[in-house]
Amino acid sequence: AAIAVRRLQQQFPHDRGILLAVCMQLMQLDPGQAAVIPPGCLHTYLSGQAVLVMGTSDNALHAGLTTEHVDLCELQQLTGAGQPQPAVLPVLDVGDGEQRIPLWSDDLDLRRVVVGEDPKSVRVGPFSVVLAAMDTASVTVEGATAEMLPESKILYAGDPVTATLTGPAQMFVASML
């Protein structure tokens, strides 16, 4: 905890959110692992990259460690005993550099696709977001190609089709089924 406090003090000097981070359960994920953070669970990300998939909502509440507004009165009303706890999710290897990360609804699909020198085909639609995680990549759908910089994303809305991902890159595809 002391290492985390020192790091957070450097990033967010004088932020009282540092005290909240110390009180939280520390969960370390290895690259490729996933976790579910239930609604109402106070949480923070201390380092690394995260792909965030959440339901439609306008109720994100900041508690600190941010430049965003912190509403202390609302935070006090929502926090207390009985906080839901985060949990590590299973990541299912479906082969050929592709993993499926089960989400909270059977209507949602999240896949991590590692694209090597050879392009890979993935299903997109009827509503999908494709994210190029750390490398430049491209995605081709029905003859149209989009070049993607690291951390960029594209939205596909239409009939389900096969998209071609080109790398080398690590990409995520989140879809409504």
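At distances below 3.5 Å, at least one donor-acceptor pair connects side-chain atoms of Lys120 with backbone N or O atoms of Asp96.
With rounding to the nearest 0.5 angstrom, the CD1 atom of Ile37 is 9.5 Å from the CD atom of Gln85. Note that the CG atom of Leu89 and the CG atom of Leu103 stand 7.5 Å from one another [nearest 0.5 Å]. Considering CD1 of Ile101 and CD of Gln33, their distance stands at 10.5 Å, rounded to 0.5 Å. A distance of 8.0 Å separates CD in Glu151 from CG in Leu131, rounded to the nearest 0.5 Å. To the nearest 0.5 angstrom, Leu110 atom CG is 9.0 Å from Ser175 atom OG.
One hydrophobic cluster holds both Val5 and Leu26 under the rule that ILVMFWY side chains link at heavy-atom gaps under 4.5 Å. Hydrophobic clustering (ILVMFWY, side-chain heavy atoms < 4.5 Å, transitive): Val51 and Val36 are in one cluster. Tracing side-chain contacts under 4.5 Å through hydrophobic residues (I, L, V, M, F, W, Y), one never reaches Ile154 starting from Phe172; they form parts of separate clusters. Under the 4.5 Å side-chain heavy-atom criterion for Ile, Leu, Val, Met, Phe, Trp and Tyr, Val129 and Tyr156 are members of distinct hydrophobic clusters.
Contact check for Arg16 versus Leu72: side-chain heavy atoms found under the 4.5 Å cut-off. Residues Pro150 and Thr136 are in side-chain contact: their nearest non-hydrogen atoms beyond the backbone lie under 4.5 Å apart. Side-chain contact check for Met171 versus Met148: some heavy-atom pair is nearer than 4.5 Å. Counting heavy atoms from C-beta outward, Val91 and Asp93 have side chains that stay 4.5 Å or more apart. A 4.5 Å side-chain heavy-atom check between Glu142 and Val161 finds at least one atom pair inside the cut-off. The side-chain heavy atoms of Pro168 and Asp135, taken from C-beta on, include no pair separated by under 4.5 Å. Leu65 places a side-chain heavy atom less than 4.5 Å from the side chain of Leu8. A heavy-atom distance below 4.5 Å is found between the side chains of Val113 and Glu98.
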Go through the steps for Leu155 and Phe127 under the test side chain to side chain contact (heavy atoms under 4.5 Å, CB included), then give the verdict.
CA-CA 7 Å; Leu155 170 67; Phe127 182 83; 3.4 Å; yes

Test side chain to side chain contact (heavy atoms under 4.5 Å, CB included) on Leu108 and Met176 and set out the steps.
CA-CA 5 Å; Leu108 298 172; Met176 290 181 64; 3.8 Å; yes

Give the C-alpha distance, both sets of side-chain angles, the deciding distance and a yes or no for side chain to side chain contact (heavy atoms under 4.5 Å, CB included) between Val139 and Val124.
CA-CA 11 Å; Val139 58; Val124 294; 5.9 Å; no

Decide side chain to side chain contact (heavy atoms under 4.5 Å, CB included) for Val114 and Arg112; before the verdict, give the C-alpha distance in whole Å, the side-chain angles of both, and the deciding distance to 0.1 Å.
CA-CA 7 Å; Val114 177; Arg112 176 179 173 261; 3.7 Å; yes

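Taking each heavy atom of Pro90 and Pro102 in turn, the nearest pair found is O-CD, 3.0 Å. Contact detail for Phe12 and Ile18: the closest heavy-atom pair is O-CD1, 3.5 Å. Counting all heavy atoms, side chain and backbone alike, Ser121 lies closest to Thr164 at OG-OG1, 4.4 Å.
Applying the side-chain contact (heavy atoms from CB on, under 4.5 Å) test between Arg123 and each of Asp109, Leu177, Thr162, Val173 identifies Leu177 as the sole match.
Atom CG of Asp30 has more than 12 heavy atoms from other residues, nucleotides or ligands within 6.0 Å.
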